[in-house]
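Each remark here refers to the structure printed beneath this line.
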2 protein chains.
Amino acid sequence: MAMTARHSESRYGNRPTMKDVAARAGVGLKTVSRVVNGEPGVTPDTERRVQEAIEALGFRRNDSARVLRKGRTSSIGLVLEDLADPFYGPLSRAVEEVARAHGALLINGSSAEDPEREQELVLALCARRVDGLIVIPAGDDHRYLEPEIKAGIATVFVDRPAGRVDADMVLSDSFGGAREGVAHLVAHGHRRIGFIGDQPRIHTAKERLRGYHTAMTDAGITVEDSWVSLGSTDPARVRAAAETMLRGPEPVTALFAGNNRVTVTVVRVLAECDRRIALVGFDDIELADLLGITVISQDAAAVGRTAAEHLFRRLDGADHAPARVELATRLVPRGSGELPPAA
Amino acid sequence: MAMTARHSESRYGNRPTMKDVAARAGVGLKTVSRVVNGEPGVTPDTERRVQEAIEALGFRRNDSARVLRKGRTSSIGLVLEDLADPFYGPLSRAVEEVARAHGALLINGSSAEDPEREQELVLALCARRVDGLIVIPAGDDHRYLEPEIKAGIATVFVDRPAGRVDADMVLSDSFGGAREGVAHLVAHGHRRIGFIGDQPRIHTAKERLRGYHTAMTDAGITVEDSWVSLGSTDPARVRAAAETMLRGPEPVTALFAGNNRVTVTVVRVLAECDRRIALVGFDDIELADLLGITVISQDAAAVGRTAAEHLFRRLDGADHAPARVELATRLVPRGSGELPPAA
DNA sequence: CTCGGATATGACAACGTTGTCCAGGGCCTA
DNA sequence: TAGGCCCTGGACAACGTTGTCATATCCGAG
C-alpha cells in the first residue's frame with residue numbers, strides 16, 4: 001500500500017488555500033485571513049472553528065501570494081565571496097541575527113570572486129524583490145545595480161567599495177591595518193620584509209599593499225620587487241612565492257601575509273623552514289593563539305552586524321546621503337611578529 | 001538638488017511591470033512575457049522594441065508573481081545550527097553549489113541549537129514554498145513537518161536523524177568514528193581515557209558517547225563516571241571538565257573530544273598542562289596538522305553535497321522509499337593521538 | 001482565387017493573498 | 001420601539017505574472 005501520492009496535478013502538491021479553509025470552517029475567505037494574521041474583529045468561537053480547519057487541512061499561508069499583495073518580502077540578500085571561508089561564516093551569521101531581529105530571512109550566495117556570477121546572483125535576488133542587499137563586491141563596476149537601487153532596493157556594500165555607484169559601504173581599514181602590521185615588523189628590527197597578497201584587482205588587496213609600501217617608505221626602506229608577490233591565494237602559488245623569498249643570498253627575514261588563506265599557507269611553509277622567520281598575517285585564524293601567530297584582526301561579526309544595521313536603518317526610512325563606515329583593525333601580538341631577524 | 005525620491009507611494013518603489021513595458025513598446029502584455037522568458041514566436045523586430053522598453057524602464061521581472069503562477073520557487077532552504085561554525089560553512093557552500101547547478105537559490109537559517117527556533121525557521125521556509133528543505137535537526141520531534149512533506153516539500157535531514165518522521169537522511173558515522181578514535185588511544189597504551197562531549201540530547205553526541213563506551217568495553221576497560229563529561233560546548237564548561245579529569249590521584253592519560261569546539265578548548269587546556277596528554281578530536285580543524293592534533297575527520301562538504309544531490313533527485317521525481325545514507329569518517333593521525341600515557 | 005495551415009500577437013482568466021467597502025445583526029439609548 | 005452605533009463577516013478587486021485560447025496575418029498549393 002505504499003503507492004499513491006505524487007501524481008497530483010496541481011502545484012504545491014495540492015496545498016489547501018484559505019478558500020479551502022474558509023469552506024471547511026463555514027466562514028468567508030477574509031475571515032480566515034484575519035485569523036491567520038491575528039487581525040482583530042473575529043469572535044473567539046469563529047476563530048476556533050477556523051483554527052480547527054487550518055489544523056485539519058494542514059494549511060500554511062502562501063507567502064508568495066502575500067508578498068505579491070504586500071510588496072515586502074521580509075528577506076534580504078547577502079552576496080559574498082565564499083561561505084566556506086572562515087571569515088565569511090561569522091559575518092553571515094551576524095547579518096542573519098540582525099535580519100532575524102527584524103523578522104527577515106537571509107538568502108545568501110557565493111560569487112566565487114567572479115564578477116559575472118556576482119551580477120547574476122544580485123539580479124536574481126532583485127527579481128525576488130528582496131527588501132535589501134548586502135554585497136561583498138567581486139567586480140568593480142556596479143552600475144548594473146542602478147535601476148534596482150533607484151527602484152528602492154536598499155543596498156550596502158561591504159569589505160570593498162562599490163564600483164561607479166553611490167551607496168552605503170562598510171569597510172575595514174585595510175590600509176591602516178597593513179601599515180601597522182608592517183611597522184610592527186620594522187620595529188622589531190626587520191628591513192627585508194616580504195609581502196604576499198591577493199590579486200591587486202581586489203580593493204582590499206590593493207589597500208593592504210599600499211599600507212605595506214607606506215610603512216616601508218616611512219621606515220626609509222626601499223622595497224625590492226622580489227619582496228612582493230601578488231596573485232591568487234591558491235596554496236601552490238603562495239607556497240612558491242614564499243619559498244622564493246626565503247631563498248637566495250638576501251632572503252627576507254619577515255613576511256606579511258595579505259589575508260587568512262595566505263597566512264595559513266605561509267605558516268605551513270615556515271613550519272618546514274629551519275630559520276625563524278617573523279610573520280604577521282591579515283585576518284585572525286582559529287587557533288592562531290596556540291600557534292603564536294601575530295595578526296591584524298578584523299572583527300567579521302562586527303562588520304556583518306554593522307552592515308546589516310545600516311541596511312535596516314535604510315529600510316526603516318533613513319534618508320541621509322550614502323555613508324562610508326570604516327572599522328578599525330587591531331594588532332594582536334602573539335609571538336610570530338615579535339621574532340627578531342634571523343641571522 | 002539632492003532631494004526627491006523615496007516618497008513613492010506604491011510598493012516596490014514604483015517598479016515598472018510588464019504592462020508598462022508593453023505600453024511603451026506598443027505591444028501586448030503577453031508578448032513582453034514571451035520576450036522576457038525567451039519563448040519562441042516573436043519577430044526579431046518586435047523583440048527589439050520590447051528589449052528597448054525594458055532597458056529604458058529598468059524593468060525586472062517580479063519573481064513573486066511568477067512563483068504564484070508557476071508554483072515553483074527555485075529555491076531551497078537549509079536550516080543548520082550555526083553558520084559561523086567552521087563545520088557548517090563548507091557544508092552550506094557545497095549545498096549552494098549543487099543548488100546553483102539546478103538553478104536554485106539557497107536560503108539559510110541558523111537554529112542556534114534551539115528546537116523552537118528550528119521549527120519557526122522551517123515553517124517560515126515552508127510558507128515561502130521553498131521547493132526543498134535540508135535540515136540539521138536541533139529538536140527531536142519533527143512531526144510538525146508532516147503536512148509540509150505530504151504537501152510536497154522534499155526534505156532531507158542531515159547529520160542527525162529526523163524525529164518521528166519518515167524522511168531521507170544523510171549522516172556521518174559518529175558511532176564508528178568515535179569508537180575508532182578511542183580504540184586508537186587504547187592501542188597506544190591508554191586505559192584511563194576521558195570523554196568530553198556535547199549535550200546527550202543531540203544525536204551525534206549520543207552516538208559518539210556510545211562509540212566511546214563500546215571501544216572501552218571492547219578493550220575490557222570499565223569506564224569510571226569521572227571520565228565522562230557531557231554538556232554544552234561552552235569553553236568555560238569544557239575547560240572545567242578537562243581540568244577536573246586531569247587533576248586528582250588518578251588522572252586520565254588521554255582525552256577524546258566530542259566535536260570541533262570541544263577540541264579547540266581542550267587543546268588550549270593541554271597547552272597549559274605540563275604533562276603530555278594524548279588527544280583525539282572528532283571533526284577536523286583548520287591548522288590541526290600544524291598543531292599535530294589527531295582527529296576523526298568527516299568531510300563537511302561531502303555531507304552537504306550528498307544531501308543536496310538527494311534532495312534534487314527527489315525534486316526531479318525520484319519516488320523510492322526514504323533512504324538513510326551514512327558517510328564514513330576517517331582517522332587522521334597527527335601526533336596527539338599517538339602519545340603514550342604520561343607517567 | 002481560395003483554402004489550409006503555419007506564425008505572430010493579444011485578450012482574458014487564474015494563481016492565493018490582502019485591502020476596501022458594505023451588509024447584517026445585536027445592543028444601547030432616547 | 002425607533003434610531004444609531006459597533007461589531008462581525010463576506011464580496012470583490014487588485015497585486016504581476018503565465019497558460020489558454022482566439023484572432024489576425026501571411027504564405028503557398030491547388
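Here is how names work: the chains are called A, B, and so on, in the same order as the sequence lines, proteins then strands, and each is numbered from 1.
- One interatomic measurement links the two molecules: CZ of B/Arg60 to C1' of D/dG16, which rounds to 16 Å at whole-angstrom precision.
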Using nucleotides 21-24 of chain C, report all nitrogen or oxygen pairs with the protein that are shorter than 3.5 Å.
none

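- Take B/Thr155 and apply the side chain to side chain donor-acceptor pair (under 3.5 Å) test, not counting sequence neighbours, and it matches no residue.
- A salt bridge links A/Asp168 to A/Arg314: at least one charged side-chain nitrogen sits closer than 4.0 Å to a carboxylate oxygen.
- Considering only side-chain N and O atoms, B/Asn62 lies nowhere under 4.0 angstrom from the phosphate OP1 or OP2 of D/dC15.
- Rounded to an integer number of Å, the gap from B/Asn37 CG to D/dG19 P is 8 Å.
- Checked by distance alone, B/Arg69 brings a side-chain donor or acceptor within 3.5 Å of a matching partner on the base of D/dT18.
- Comparing the local axis fitted to the first five base pairs of the helix from C/dC1-D/dG30 to C/dA30-D/dT1 with the one fitted to its last five gives a bend of 50°, rounded to 10°.
- Legend: residues meeting ring pair (Phe, Tyr, Trp, His ring centres under 6.0 Å) with A/Phe312, ordered by chain and number and at least two apart, are A/His102.
- Across the protein-nucleic acid pair, A/Leu29 atom CG and C/dG19 atom P stand 13 Å apart, rounded to whole Å.
- B/Glu148 meets the salt bridge (charged side-chain N to carboxylate O under 4.0 Å, His left out) test with A/Arg15, A/Arg60; sequence neighbours excluded.
- Atom pair A/Leu68:CG and C/dG19:C1' shows a separation of 13 Å (rounding to whole Å applied).
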Pairs under 3.5 angstrom, nitrogen or oxygen only, protein versus nucleotides 5-7 of chain D, please.
none

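- With sequence neighbours excluded, no residue forms a ring pair (Phe, Tyr, Trp, His ring centres under 6.0 Å) with B/Tyr88.
- Qualifying side chain to side chain donor-acceptor pair (under 3.5 Å) partners for A/Glu52, counting only residues two or more places apart in sequence or in other chains: A/Arg48.
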Practice task
Starting from the C-alpha separation in whole Å, work towards a yes-or-no answer on salt bridge (charged side-chain N to carboxylate O under 4.0 Å, His left out) for B/Arg61 and B/Asp63.
Solution key: CA-CA 6 Å; B/Arg61 181 179 63 197; B/Asp63 274 354; 3.3 Å; yes

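- Residue B/Thr31 places at least one side-chain N or O closer than 4.0 Å to OP1 or OP2 of C/dG10.
- Contact annotation for B/Asp63: no contact, since no heavy-atom pair falls under 4.0 Å across all strands.
- Interface remark: the A/Lys19 side chain does not form any donor-acceptor pair with the C/dG16 base, using a distance-only criterion of under 3.5 Å.
- Summarising the geometry, the separation between CD on A/Glu39 and C1' on C/dG19 is reported as 9 Å, rounded to the nearest angstrom.
- At whole-Å resolution of the value, CZ in A/Arg66 and C1' in D/dC15 are 14 Å apart.
- Rounded to whole Å, atom C1' of C/dT18 lies 10 Å from atom CZ of A/Arg61.
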Acceptor/donor pairs from residues 19-26 of chain A side chains to any protein atom, 3.5 angstrom cut, sequence neighbours excluded:
from	atom 1	to	atom 2	distance (Å)
A/Asp20	OD2	A/Thr17	N	2.8

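- Qualifying side chain to side chain donor-acceptor pair (under 3.5 Å) partners for A/Glu97, counting only residues two or more places apart in sequence or in other chains: A/Arg93, B/Arg117.
- For C/dT20, the OP1/OP2 oxygens have no side-chain nitrogen or oxygen of A/Lys30 closer than 4.0 Å.
- Heavy-atom minimum distance, A/Asp82 versus A/Ser110: CA-OG, 3.8 Å.
- Distance CZ (A/Arg49) to P (D/dT8): 14 Å, rounded to an integer number of Å.
- If you check every strand for non-hydrogen atoms under 4.0 Å, B/Val36 touches nothing.
- Considering only side-chain N and O atoms, B/Thr43 lies nowhere under 4.0 angstrom from the phosphate OP1 or OP2 of C/dA8.
- Proximity of B/Thr46 to the phosphate of C/dT9: a side-chain N or O atom is located under 4.0 Å from OP1 or OP2.
- With sequence neighbours excluded, the residues forming a side chain to side chain donor-acceptor pair (under 3.5 Å) with A/Ser75 are A/Thr73, listed by chain and number.
- Legend: residues meeting salt bridge (charged side-chain N to carboxylate O under 4.0 Å, His left out) with A/Asp159, ordered by chain and number and at least two apart, are absent.
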